[in-house]
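As structure tokens, the structure follows; a few thoughts come after it.
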Amino acid sequence: MSVTPEVTSPVVSKEMKENKIKRFRNCRGFTLTEALVTTSIFTIISAGMATFMVDTSEGLFWAMKKSLISKDVRHFTQRITMETLGANTAYVYPSYLLKDRDKAEDRKQSGESGDCLVLIQYDPYPGVHDDKHYTKVIVYYREPDANGKSPVYRIEKSFDPPSEIKTDSGFDHFENFLNENLVAHNPNNEIVIELSRGLADGSLFRNLGNNSYIVNGEILHGNEVKEITNTYNLTISPRG
């Protein structure tokens, strides 16, 4: 039995060709104009997203550093206020360098400023009617660089038993006592504020007179490219 080959109708072949042409047209690629428009839209969207990300990042950076500054201000204010209230008197010196605090004439007078604040506590010893003796000395100071920036350092020295106040050693008796008991600046001393700039004539502490002092500074956070700052102004007075 022989098999007769199937013959394709010319009509069917024409329809198949037309369908192929339609499918080809439907699957054609982008024209140059469409590609350029699409690229432009994508570039605009990408630029907008990049700007949004930068703004968001800067906002988060600013908020984080401001939060750290507020924390520093609160902690420093509470601490120095309480310690000043516990002191009998205070002196301001130009700096913590030995040459700036070895004579009574180095003490800053009313209206003058310096970068070293010394809080002094003394009480009668051994009885309430006996002579007063030094019980504690607390020092806050800075070592500013060429840009006026520096951490704020703190030193505390307690005396047990209390140390005699030797007024017969001359007008500089406290400076002699201070230099005998507190060593020179050490970078390992406690840091109470990471970085600050003095605003009181470039210094941090100003003697207001009448045993009152003002702490006037600027706390810095961030880096050289993006520096976040905030000022603080605090008046403190020992109990006298």
Side-chain angles (χ1 to χ4, degrees), residues 65-66 68-121 136-157 174-175 178-179 181-224 227-240:
K65 297 305 179 182
K66 278 292 185 182
L68 291 174
I69 288 174
S70 297
K71 180 180 178 181
D72 283 351
V73 170
R74 183 170 59 254
H75 179 263
F76 177 67
T77 298
Q78 292 175 346
R79 187 170 191 179
I80 197 170
T81 297
M82 293 302 297
E83 290 178 341
T84 303
L85 289 175
N88 298 85
T89 191
Y91 297 129
V92 173
Y93 296 97
S95 76
Y96 189 65
L97 296 174
L98 180 59
K99 67 181 182 64
D100 287 335
R101 57 178 175 88
D102 62 346
K103 300 181 296 296
E105 63 185 43
D106 291 329
R107 302 175 194 174
K108 292 296 184 178
Q109 302 303 310
S110 178
E112 297 181 333
S113 304
D115 271 318
C116 177
L117 174 71
V118 180
L119 304 173
I120 309 157
Q121 294 183 21
K136 182 184 292 187
V137 172
I138 299 174
V139 181
Y140 286 92
Y141 71 96
R142 300 190 323 130
E143 292 283 330
D145 60 16
N147 296 317
K149 300 177 183 179
S150 168
V152 177
Y153 297 93
R154 178 184 178 277
I155 302 174
E156 177 179 327
K157 177 76 173 181
F174 176 73
E175 284 69 29
L178 183 67
N179 295 331
N181 290 278
L182 274 78
V183 297
H185 167 64
N186 186 334
N188 294 323
N189 287 340
E190 179 188 4
I191 294 177
V192 292
I193 294 180
E194 188 63 32
L195 199 60
S196 72
R197 182 186 290 119
L199 296 179
D201 298 330
S203 300
L204 187 59
F205 307 104
R206 184 191 296 274
N207 184 351
L208 295 179
N210 298 319
N211 207 27
S212 292
Y213 305 85
I214 189 169
V215 185
N216 189 9
E218 184 179 30
I219 295 181
L220 315 174
H221 272 287
N223 50 51
E224 294 181 356
E227 185 177 87
I228 307 299
T229 68
N230 196 16
T231 59
Y232 57 97
N233 196 325
L234 172 67
T235 301
I236 53 177
S237 298
R239 56 181 166 149

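Here the side chains of Ile80 and Val192 are not in contact, with every heavy-atom distance at 4.5 Å or above. Between Ile138 and Arg154, the closest side-chain pair of non-hydrogen atoms falls below 4.5 Å. Counting only heavy atoms from C-beta outward, the side chains of Pro144 and Asp115 approach each other to under 4.5 Å. Residues Phe205 and Lys108 have side chains not in contact (no heavy-atom distance under 4.5 Å, counting atoms from C-beta outward). Using a 4.5 Å cut-off on side-chain heavy atoms (C-beta onward), Leu119 and Tyr140 make contact. With contacts defined as side-chain heavy-atom distances shorter than 4.5 Å, the pair Asp201/Glu112 does not qualify. When side chains are defined from C-beta on, Tyr141 counts as touching Ile155, because their heavy atoms get closer than 4.5 Å. Proximity of Pro238 to Tyr213: side-chain heavy atoms (C-beta onward) are separated by under 4.5 Å at one or more points.
Interatomic distance, Ser113 OG to Asn207 CG, rounded to the nearest 0.5 Å: 8.5 Å. Distance check, rounded to the nearest 0.5 Å: OH of Tyr93 to CG of Leu98 gives 11.5 Å. Atom CD of Gln78 is separated from atom CG of Leu234 by 11.0 Å, given to the nearest 0.5 angstrom.
Each of Ile120, Val139, Asp106 was evaluated against Tyr91; a single residue qualifies, Ile120, per the side-chain contact (heavy atoms from CB on, under 4.5 Å) test.
By the 4.0 Å N-to-carboxylate-O rule, Glu156 lies too far from Arg79 to be salt-bridged with it. Looking at Glu175 and Lys103, no side-chain N of the basic residue comes within less than 4.0 Å of a carboxylate O on the acidic one, giving no salt bridge.
Side-chain atoms of Arg142 do not come within 3.5 Å of backbone N or O of Pro151 as any donor-acceptor pair. Asn189 places a side-chain N or O within donor-acceptor distance of the main-chain N or O of Asn186, the cut-off being under 3.5 Å. Gln109 places a side-chain N or O within 3.5 Å of a backbone atom of Arg107 that can act as its donor or acceptor partner. Side chain of Arg197 to main chain of Glu218: no donor-acceptor pair is present (N/O by atom type, distance under 3.5 Å, no hydrogens or angles).
Residues Gln121 and Asn88 approach most closely at CA-OD1, 3.3 Å, considering heavy atoms. Residue Thr84 comes nearest to Ser237 through the heavy atom pair CG2-C, 3.5 Å, listed as atom of the first residue, atom of the second, then distance.
Classified by interplanar angle (parallel below 30°, tilted 30° to 60°, perpendicular above 60°), the ring pair Tyr153/His185 is perpendicular.
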side-chain contact (heavy atoms from CB on, under 4.5 Å) between Val118 and Leu182: does it pass, once the steps are laid out?
CA-CA 11 Å; Val118 180; Leu182 274 78; over 6 Å; no
Decide yes or no on side-chain contact (heavy atoms from CB on, under 4.5 Å) for Ile193 and His75, but give the supporting numbers first.
CA-CA 9 Å; Ile193 294 180; His75 179 263; over 6 Å; no
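Counting non-hydrogen atoms of neighbouring residues, nucleotides and ligands closer than 6.0 angstrom, the CG atom of Asn210 reaches no more than 12 such neighbours.
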